[in-house]
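Each remark here refers to the structure printed beneath this line.
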Amino acid sequence: MSQFDTLNFTRQDYVGGKSTLCTGCGHDTITNNIINAYFQSGVNPYSVAKLSGIGCSSKTPNYFLGLSHGFNSLHGRMAPLSVGVSCANRSLNLIGVSGDGDSASIGLGGFVHSLRRNVPMVYIIENNGVYGLTKGQFSATADEDATLKTGESNPFSAIDLCALALEAGCGFVARSFSGDAKQLVPLIDAAIRHKGTAVIDVISPCVTFNNHEGSTKSYNYVKDHKLVLQELGFIQPQQEITVDYEAGEVIEVKLHDDSILTLKKLENDYDFKDPLKARQVLFESQSRREILTGLIYFNEQKQSIHNHLNLSDKPLRDLSEAELRPPQEALSEILDQFS
Amino acid sequence: MNTVNNFVINIGTLNGSGSQSSNNVLVRSLFHMGLPVCGKNLFPSNIAGLPTWFAIRISAKGHLSRKQENDIVIGMNAATLIKDQINTKKGGVFIYNSDLKVPLFQEREDVTCIAISFKEIVDTVTPSVKLKKLLTNMVYVGVVAQLIDIDKDILISTVKKLFSDKPQVIESNINAIEAGWNYSHSQINISNFPFKVKSLKDANKDKILIDGNTASALGLLFGGCSFMAWYPITPSSSVAENFHAYAEKYRKDKNGKNNFAVVQAEDELAAISMVLGAGWSGARAVTPTSGPGLSLMSEAAGFSYFAEIPAVIWDVQRVGPSTGLPTRTMQGDLTSAYYLSHGDTKHIVLLPSSPEECFEFGQTCFDLAERLQTLVIVLSDLDLGMNFWISDNFKTSKKPLDRGKVYGEKELENNPHFARYADVDGDGITYRTLPGTYHPQAAFFTRGTGHDEKANYSEDNLIFKKQMDRLTRKLETAKPLLPQPIARGEGSLGLIAYGSSHSAVVELQDLLSDIKISSRYLRIRALPIVEEVKKFIEKQSMTYIIEQNRDAQLCHLILSEWPELYHKIKSIVQYDGLPLSADYLYEKINKTENLS
Ligand SMILES: Cc1ncc(C[n+]2csc(CCOP(=O)(O)OP(=O)(O)O)c2C)c(N)n1
Ligand code: SF4
Ligand SMILES: [Mg+2]
């Protein structure tokens, strides 16, 4: 069976257990979009491994792709975990779900370093600006001057995970909004096919602790301030795509597996292959306190960790005893130096 | 009187001055003469310019623990020259570099002092200022070699072998040695030099002289390690570096690609997380580290224990607490390794005591981790890991790798009710599947939270207790699979030790038998402690538990298992950062038992 052997699976095979999150939580909406994206992409769920850290967000891998193995790890450790999982079995399709606390606070080091290494995976941050699971403390992505439900205001500057991902050399940097299925599903779909780490920072309102007037990550705030960078649709190689084309320029991006990503720009001159431009638009949107969504930066040239480590094509976990153990002659040759 | 094949040479130099190669030439030449010899490096936590010592012990009886006294001392470092002379045994020989200007230095009367201008000698060897510095150290090799009668042909062939990958430097090194040799031969007039070596020919034919970390790296290599993550820390780095270098040569596929992965992590939190990911995903995964790294890995250790993921931590212990003495040796991590992490956790701990065992455990650690689906911590230490030990040649294991209880697609067909944490066999070890198993029953959700047999989230008190009790059962299953204790000698006095203490305890037994005291020594090779230890202690009149930490950690582990043994054991500890010495143990026992 191959990784993209879609034939026998129904959408039902891509769902997971019942969510125990608060009703209306943005994370659940993302879960739905993940289910749809994976179903549409036709990835064989048996080839997928789901990774997460700790937090409300990190619980969600239990709610999608029930036929895939899951690893709900330690707070902040999903990124390094992915290095081990991916190296041990390079044929896996990895999806990681993390929170803003998980990736921007306790796991910030691991986040940045896994991007430097370029582990092939979909890396979704469900970003609500708070620690949901520990009941609503500020996270490091909370905007400066944002207020908590308690009225407490945040004096510290926010970490922009997309800007950080760019700095770390990530080749797929996107931002979206949990409720924007039209944008998020194709983004995830593209991320699945990217042969490196694909970061999608998804603004995901916490309805219990962060959905009030003073918050910049509430539903209403995001709805009013969202700036859409492009619309995109994903074309499966085997079938013709019909996209609802709006006005503007259309370009095609060839991904590693020869599939074509078609992007529709709303801004006529935005070039997501330009790293300088990416930094500039992020910076500008930050200073206007607007949330810029879309594929902000894309570079398919970056080598993955598998290339850097010169890993054999055969997954390490499948190596036979003969491949794992050099012969006695090798040992004698080595020990000769010490005799 | 001449002392033949029984003395200690201690060489004081500056670290970073290239003395390592010189000392290596000396110790290996002695080894090639068939002598029982060891080399211990005492070095600072520093890159260049601080004092470092290298002690070579030659012992006809094969006693290779640290001696407290030095017979020949070579002083090449101005900063320690006075101290080095003081540390020379009465009646010993102090050879020193007279070019060093050390105020207040005065030659001792009770020691044979030999002042040598190394500058004058090295000037005849090379005009290059840079080379002079390096070759000065080779000159002392020639001087002592001549004085103690090292076979010159062996000396030269040792240099050639050691520098075989750098042939361009062989000649200059040999010239420097020759210059030292000739100087000594013509200028030093000691009619009957008190310390001599005599060749034992082929006595070391089937032996090697190797450090424990290289042995460990080879064990991991031949044990099928396929994933290593590490963060540099003394004294463990050379485990990772050696493994990587050997794997690059011996673990390639036919396309020249790697049948292994080595990742230098950003910290130890990441290193152990990578190892958990790789172990979960089906690789044989290890992370080499030392005390501070072990502390950082503690949260993940509990995850491995509770979620039952194979993983190996290779801890080369150094002196703690905190940063402690980073380049000195200690057995201080025993308790923290055994209980590493919060909540009720207990890990399998392996305690190698020699390079052979580093090699052996480097292989078996993965068998145990995969068989038992848990964390295995190997506790080496700086003395074992970084010093040179004589060892029998290693042999690859004939036993096939044990990959443990893993269900693939076929097995799932026959076991359609697969549940990740169901104790089907009653031994506490359950079956696992690997991610990427193409079967509808394969998937489960790994978590560090409470879980039922199907790995579903559960806060149920009874279910939780049942899982914890199964983990206890699993540890019982583990006991017979672990390296069992080994007893040595017969006698009513009992001795218990582990790890690098071994050589000192064997020597202690011989010292005791010299005064007609026979002893029985039990070497513990793994935790949890097995029943045999209790039986041993019960049988002996009194048992000394010997270890290299302040708090008598093994003693406490034994007592926590069997408090009733309290009146049957005494503790001897050494915790100053120096390798254990048999003389020290002898003095301690002598004092308590009033032996003489
Ligand atoms: C080592 C450690 N420290 C603290 C915690 C407590 N903790 C659990 S979840 C969490 C924050 C989660 O925030 P985030 O990642 O943003 O996820 P969210 O719940 O907001 O989705 C914290 C601090 C923990 N589980 N582990
Ligand atoms: S607390 Fe917030 S983040 Fe957590 S489940 Fe509820 S709404 Fe979602
Ligand atoms: Mg959050």
Side-chain angles (χ1 to χ4, degrees), chain A residues 1 17 20 44-51 54 61-62 66-74 76-89 91-92 109-110 112-113 117 305 309-319 321 323-328 330-331 334-335 337-339, chain B residues 207-210 214 218 221-224 226-227 229 246 250-251 253 255 257-263 265-267 269-271 273-285 299-300 303 393-396 400-401 433-440 442-449 457:
Chain A
M1 243 189 269
T20 58
N44 185 319
Y46 300 146
S47 75
V48 176
K50 309 171 290 184
L51 313 177
I54 294 287
N62 204 20
L67 290 174
S68 311
H69 277 70
F71 197 136
N72 178 205
S73 68
L74 297 159
R77 307 294 153 233
M78 180 189 91
L81 182 80
S82 73
V83 173
V85 174
S86 183
C87 287
N89 185 354
S91 71
L92 290 173
V112 173
H113 287 281
R117 296 191 181 98
I305 188 169
L309 296 179
N310 190 27
L311 285 190
S312 75
D313 297 330
K314 189 172 179 181
L316 297 181
R317 74 130 202 224
D318 293 332
L319 295 175
E321 177 146 354
E323 288 162 312
L324 285 171
R325 247 186 179 161
Q328 171 70 38
L331 184 61
I334 294 168
L335 292 181
Q337 294 172 259
F338 301 97
S339 66
Chain B
K207 295 196 186 322
I208 50 174
L209 186 70
I210 195 166
T214 303
L218 290 173
L221 184 80
F222 286 84
S226 51
F227 184 87
Y246 288 125
Y250 295 104
R251 287 276 293 279
D253 70 11
N255 303 317
K257 291 186 159 190
N258 294 343
N259 280 335
F260 68 93
V262 176
V263 180
E266 57 272 26
D267 53 41
L269 302 168
S273 304
M274 291 177 190
V275 163
L276 288 187
W280 179 74
S281 198
R284 306 199 115 191
E299 189 192 10
F303 196 101
N393 241 320
F394 304 153
K395 295 205 172 45
T396 46
L401 304 179
T433 56
L434 302 179
T437 303
Y438 283 53
H439 193 280
F444 66 93
F445 197 70
T446 298
R447 51 172 96 244
T449 42
Y457 182 71

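Naming convention: chains lettered A, B, ... in sequence-line order (proteins, then strands); numbering from 1 in each chain.
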Heavy-atom cut-off 4.5 Å, strictly under: side chain, backbone, both or neither for [X] against chain B?
X: A:Pro327; value: backbone
X: A:Ser68; value: backbone
X: A:Leu51; value: side chain
X: A:Asp318; value: neither

message: Applying ring pair (Phe, Tyr, Trp, His ring centres under 6.0 Å), can you list everything that pairs with B:Phe394, at least two apart in sequence or on another chain?
response: B:Phe359

Supply the atom-to-atom distance [X] [atom1] to [Y] [atom2], rounded to the nearest 0.5 angstrom.
X: A:Lys314; Y: B:Asn259; atom1: NZ; atom2: CG; result: 8.0 Å
X: A:Leu316; Y: B:Arg251; atom1: CG; atom2: CZ; result: 8.5 Å
X: A:Leu309; Y: B:Phe260; atom1: CG; atom2: CZ; result: 8.5 Å
X: A:Asn72; Y: B:Tyr457; atom1: CG; atom2: OH; result: 10.0 Å
X: A:Leu331; Y: B:Phe222; atom1: CG; atom2: CZ; result: 4.5 Å
X: A:Ile334; Y: B:Thr214; atom1: CD1; atom2: OG1; result: 10.5 Å

Close side-chain approach of [X] to [Y], heavy-atom, < 4.5 Å:
X: B:Leu401; Y: A:Arg325; answer: yes
X: A:Arg117; Y: B:Val263; answer: yes
X: A:Pro80; Y: B:Leu269; answer: no
X: B:Ile208; Y: A:Ser339; answer: yes
X: A:Asn62; Y: B:Arg447; answer: yes

Heavy-atom pairs under 4.5 Å with chain A: which of [options] has the most?
options: B:Pro400, B:Ala265, B:Gly448; answer: B:Pro400
options: B:Leu221, B:Thr437, B:Thr396; answer: B:Thr396
options: B:Ile210, B:Asn258, B:Asp267; answer: B:Asn258
options: B:Gly224, B:Gly223, B:Ala271; answer: B:Gly224

Closest approach of [X] and [Y], non-hydrogen atoms and distance?
X: A:Leu311; Y: B:Lys257; result: O-CD, 3.5 Å
X: A:Arg317; Y: B:Pro435; result: NH1-O, 2.8 Å
X: A:Val85; Y: B:Ser281; result: O-OG, 3.3 Å
X: B:Pro440; Y: A:Leu67; result: O-CD2, 3.8 Å
X: B:Leu434; Y: A:His69; result: O-CE1, 3.2 Å
X: B:Tyr250; Y: A:Pro326; result: O-CG, 3.9 Å

query: Out of A:Ile305, A:Asp313, A:Val112, A:Asn89, which one racks up the most heavy-atom pairs below 4.5 Å with chain B?
result: A:Asp313

task: Give the member of A:Val83, A:Val48, A:Thr20 that has the highest number of heavy-atom pairs under 4.5 Å with chain B.
output: A:Val83

Contact origin within [X] toward chain A - heavy atom pairs under 4.5 Å:
X: B:Ala229; answer: neither
X: B:Asp253; answer: side chain
X: B:Ala442; answer: both
X: B:Phe444; answer: both

message: Go through it in stages, so that I can follow the logic: the residues are A:Ser47 and B:Tyr438, the test is side chain to side chain contact (heavy atoms under 4.5 Å, CB included), and I'd like the CA-CA distance, side-chain angles, deciding distance and then a yes or no.
response: CA-CA 7 Å; A:Ser47 75; B:Tyr438 283 53; 3.0 Å; yes

